[in-house]
Amino acid sequence: MRDWIWEYEGYDPAQERLRESLCTLGNGYFATRGAAPECTADDVHYPGTYAAGCYNRLTSQVGGRRVENEDMVNLPNWLPLRFRAASGDWLSPDTGKVLDHRLSLDLREGTLERIVRYEDTTGRCFAVRQLRLLHMGDPHLALLRTELTPQGWSGEVEVESGLDGTVTNSGVERYRALTSRHLTHVHTGTSAHGTVWLRCRTRTSDIRVGLAARTTVDAPAEAGSVKENGRIARAFRIAVTDGRTVTVDKTIALHTSRDPAISDPLYAAVDRVRRAPDVDALLASHRTAWQQLWRNADADVPGTAGEVLRLHLFHVLQTLSPHTAELDVGVPARGLHGEAYRGHVFWDELFVLPFLNLHFPEVSRALLTYRHRRLERACFTAADAGHRGAMYPWQSGSDGREETQWLHLNPRSGRWLPDHTRLQHHVGSAVAYNVWRYCEATGDMEFLHTKGAEMMIQIARFWADAAAYDETLGRYRIRGVVGPDEYHEAYPGAAGPGLNDNAYTNVTAAWVLARALDVARTLPVTRHRDLFERIGLDRAELDAWEDVSRKLYVPFHAGVISQFAGYGDLAELDWEAYRRRYGDIRRLDRILEAEDDSVNHYQASKQADVLMLGYLFPPTELKALFERLGHDLDDETWRRTVDHYMARTSHGSTLSSLVHGWVLARARRARAWAFVQEALAGDIADLQNGTTGEGIHLGAMAGTLDLVQRGLTGLEARDGKLCFDPVPLPELSEYGFSIRYRGHWGVRLHLQQGRLHITVPDSDEPPITVAVAGGRTVSVAPGESCALTLPG
Ligand code: BGC
C-alpha cells in the first residue's frame, strides 16, 4: 500500500484468486472481480460479476441426496478483451511471456489499473495499460480502457472485446459437485454504432439480464463482430506503429428485470450504453461520486492500520453504497466479491449496520427494510416450526426462506455432512438489535413505530414462545439451538442436533423482549391500537414477555458463564498437541471430523460466543441485563469468562479476532492489539486459508472500522445524547473521523492525547449534547468546536 494505492507487483498464479477478490470493483448495484480481461474462468482466474440480490435456485444430487441451493448468480462476463499481434497467439499471462505485471487499486478514485508487458512467441512485445471502473454515479455503467503499445515492431494487432454468457457459478471448489449453470436462454446480437449485446435469464428465479457493450478504437481499424454460442465480441484489426499507443475503450451497461423504471433490461442496457458520455466525462463523474463517499465516511487513522482500514472501507462502500438504499437487498456475508456462502445474508449485518448508521443511515434503513419485507416469511417459518412470532432464517436470500445448505463438504475428509447451523435462531435478535441501534443513532421514530416495531415485536414473540418454563429450575429454557460458535451443534452421543440454554441466545433474547416491551409502551396511542389489533397482541402476552425476559436461564460453571448447559462437562482439548500436529487449527471442526472424532466432544469454540455479549453491550448495559435476569455480573466473573473462552477458541471465523480485539480493548487488556492486528490482516493476508479468494469477509471489514468508531471511543447514541467512554489502545492512540448524526452532516471527531475534539458543521439544527463518561456534559452548537479532556 502506498498512500491511497493498493498494489500487487508481478504475476503470481497462486495469488491470483486473492488479488481478484481484493481488487474487485463495485458500486452497491453490481461488482466485478479484479480478473484479467483476457482470461476466462479456470483454476487460476475467476472473472465473476454479481448484481446485489440477484439469486437463482437449483437442485443438485450430492451425497446420495437431492439438495436445493440458492446462489447469487455469476452474471455474464462483461470483461473479455483479448489481443494479439496478427497471426500470433492471443496473449494471456499463462500463454505469453510476462515481462512486467502490476495491479494498482486506487481507493480514492475507485479505479483498477493494470500494467502488463507481454512478449509473444515470435518475440513481439506489447506494453499494455488497462484502467477499469464500475461507475459509482451511474451504477449500471462500467468501463474498461485498454492502451496497447507495440514495442520494437510495427504491424497489425487484433483485438476482440465481448460479452460472455457461458459462465457458471464455479468460483468455490467445495461447491463444484453442485449444479452451477444458472443462466439460460442466452441470446446475443449487435445494434447501432458497433454495440454488441447479450440477454439471458436465470433458470428458476426468471430474472432477465441485459448487457450492452460499446467498444471504440482511436486508430483506423477494420471492425466486425464474432458470434459463437453464448458469446459475442466486436473484433478489430488495427494497424500499429512501434511505440505508438492505441486506445480501446469498452463501455458497458447492465440491467436486470429487478430494476425499477425500465421497460425491459436489454432495451435499457442498449439505450444506456448509447447515451453514455465519453471516457473522460465518465471518469470525472465517477471520481466526484467517490470523493463524496470519502467525505462522508473516511477515517483518519495513522500508519498501516489506517491504510488497511481504508481498504476495508472501500470494499464496504462498494458492496453497500448509497445505491443500495434503492434496492431490496441484505448484507451479503462475502460482499459482492465472490461466491462463498452463495451471497447469502447471515447475522453479519450486526457488524456492519452500527457503522453505516453513522454515515449512510438511509442504507441501514434499506437493509432493515429487506428484513421487514421478509417478516411475513419469518412468521410462516416460525408457524411451520410450531411457534408464534418471527423466526428469521440463519441464511437468507431472495424471499427470506431458510437457505442454509442441508449438507456441507469437509474437504479434509471428503465427506458430505449434515449442516445444523440453521439452528442459529439468534439471528433474529441481531435483526432486532440493529433496528434498535439504528433508531437510537438516527432518531428515526417513524421507522421504530412502524416497520421496526413490527419486527421487534414478532421476534420477541418468537422468543417468548420458544422459551419453556422449567419448574425445577424456576427458569425459562430455550432448547435445541446452536449459538454463534457453530462448532457445537449437538451433545456428545445425542440422537439429534441442538443445544440447550445457549447463554448468548438467552441473554440477547431477554434484551429483545425488554426492548420490545419498551417499544410497545412508547408507541403513539393510535399506532399502538392499530398494531395490537392487527397482530392480536394484548396485555397478557406483554406480561408473559416481562416474566420471560427476567427468568431466562443463564448457565454458569466454574465461576464463568457457560456457553450452553452442559458445556462445562465436555472434555478439554489438548490444544498444544493439535497445534503441534496441524499448525493451523482454525478449522478444528474439520480436523477432528477427519480423525473420526467430533468437536462436539470438547470445550473448543470456533468463534466468540459468550464473549459476543461484551461486543454488543457496553459494560453498564450488560450488567443491567444480567441484573434483570437475577445475576450479579461483577468484573471478576466477566474477566474469568473472557479468559476461559480465550483459551478455548480456535478463531475459525474472521469475526472472532474482531470481537476478541474489541472485548479486550474495552476491558483494557494487553492482548487486545494482537487480535485487532489479526482482524486487520484477515483478508489481506488471507488468514482463513484461501477463503478470501472466494469473497471478502464483509462483517470483519466493517467491524474493524466500527472498532475505531465505537469500540475505542465507546461512542453511543443514547437518550438523544452522543456519549463517549474511550478506552486507550496504545498502538492506536490518535484518530479522527466524521459522522452523520441526526440532522448534522459531517460532525468531526478527533481523539488525541486524552482529549476529544468535536466540530459541528454550521446548520440550523439544534446543538448536540455530548457526554463523556465520568466527565462533563456539554452542548455543542452548529458552527462550534469543543475539546473535552477525557478522564483517566
Ligand atoms: C461464521 C458465521 C458468519 C458466517 C458468514 C461463518 O464462518 O461462523 O458467524 O455469519 O461465516 O460470514
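All values below were derived from every heavy atom in this structure, side-chain atoms included, with hydrogens, water molecules and symmetry-related copies excluded. Numbering of ligands and ligand atoms starts at 1, following listing order.
Closest protein heavy atom to atom 8 (O) of ligand 1: Gln607 OE1, 2.4 Å. Protein heavy atom at the shortest distance from atom 6 (C) of ligand 1 is Tyr341 OH, 3.3 Å. Among protein heavy atoms, atom 2 (C) of ligand 1 sits closest to Trp347 NE1, 3.8 Å.
Listed by atom number, the atoms of ligand 1 under 4.0 Å from Asp348 heavy atoms are 3 (C), 5 (C), 10 (O), 12 (O). Shown in contact with Trp394 at under 4.0 Å from a heavy atom are these atoms of ligand 1, numbered in order with element: 10 (O). Close contacts between ligand 1 and Ala333 involve ligand atoms 5 (C), 12 (O) [criterion: under 4.0 Å to a heavy atom]. Those atoms of ligand 1 with a heavy atom of Lys606 less than 4.0 angstrom away are 1 (C), 6 (C), 7 (O), 8 (O).
No part of His697 comes within 4.0 Å of ligand 1, judged by heavy-atom distances.
Ion pairing between Arg415 and Asp596 holds under the 4.0 Å rule for side-chain N and carboxylate O. Classification of Arg422 and Glu402 as a salt-bridged pair fails, no side-chain N sitting under 4.0 Å from a carboxylate O. Here Arg401 does not pair with Glu70 in a salt bridge; the nearest charged N to carboxylate O distance is not below 4.0 Å. The existence of a salt bridge linking Lys606 and Asp485 is excluded, since no basic side-chain nitrogen approaches an acidic carboxylate oxygen closer than 4.0 Å. Classification of Arg437 and Glu621 as a salt-bridged pair holds, one side-chain N sitting under 4.0 Å from a carboxylate O. We find that Glu339 and Arg33 are not joined by a salt bridge, their nearest charged nitrogen and carboxylate oxygen being 4.0 Å or further apart.
The shortest N or O to N or O distance between Arg334 and ligand 1 is not under 3.5 Å.
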Before giving the answer on ring pair (Phe, Tyr, Trp, His ring centres under 6.0 Å), spell out for Trp511 and Phe617 the whole-Å C-alpha distance, their side-chain angles and the decisive distance to 0.1 Å.
CA-CA 10 Å; Trp511 181 89; Phe617 304 110; 5.8 Å; yes
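Within the 4.0 Å heavy-atom cutoff, Phe351 does not count among the residues contacting ligand 1.
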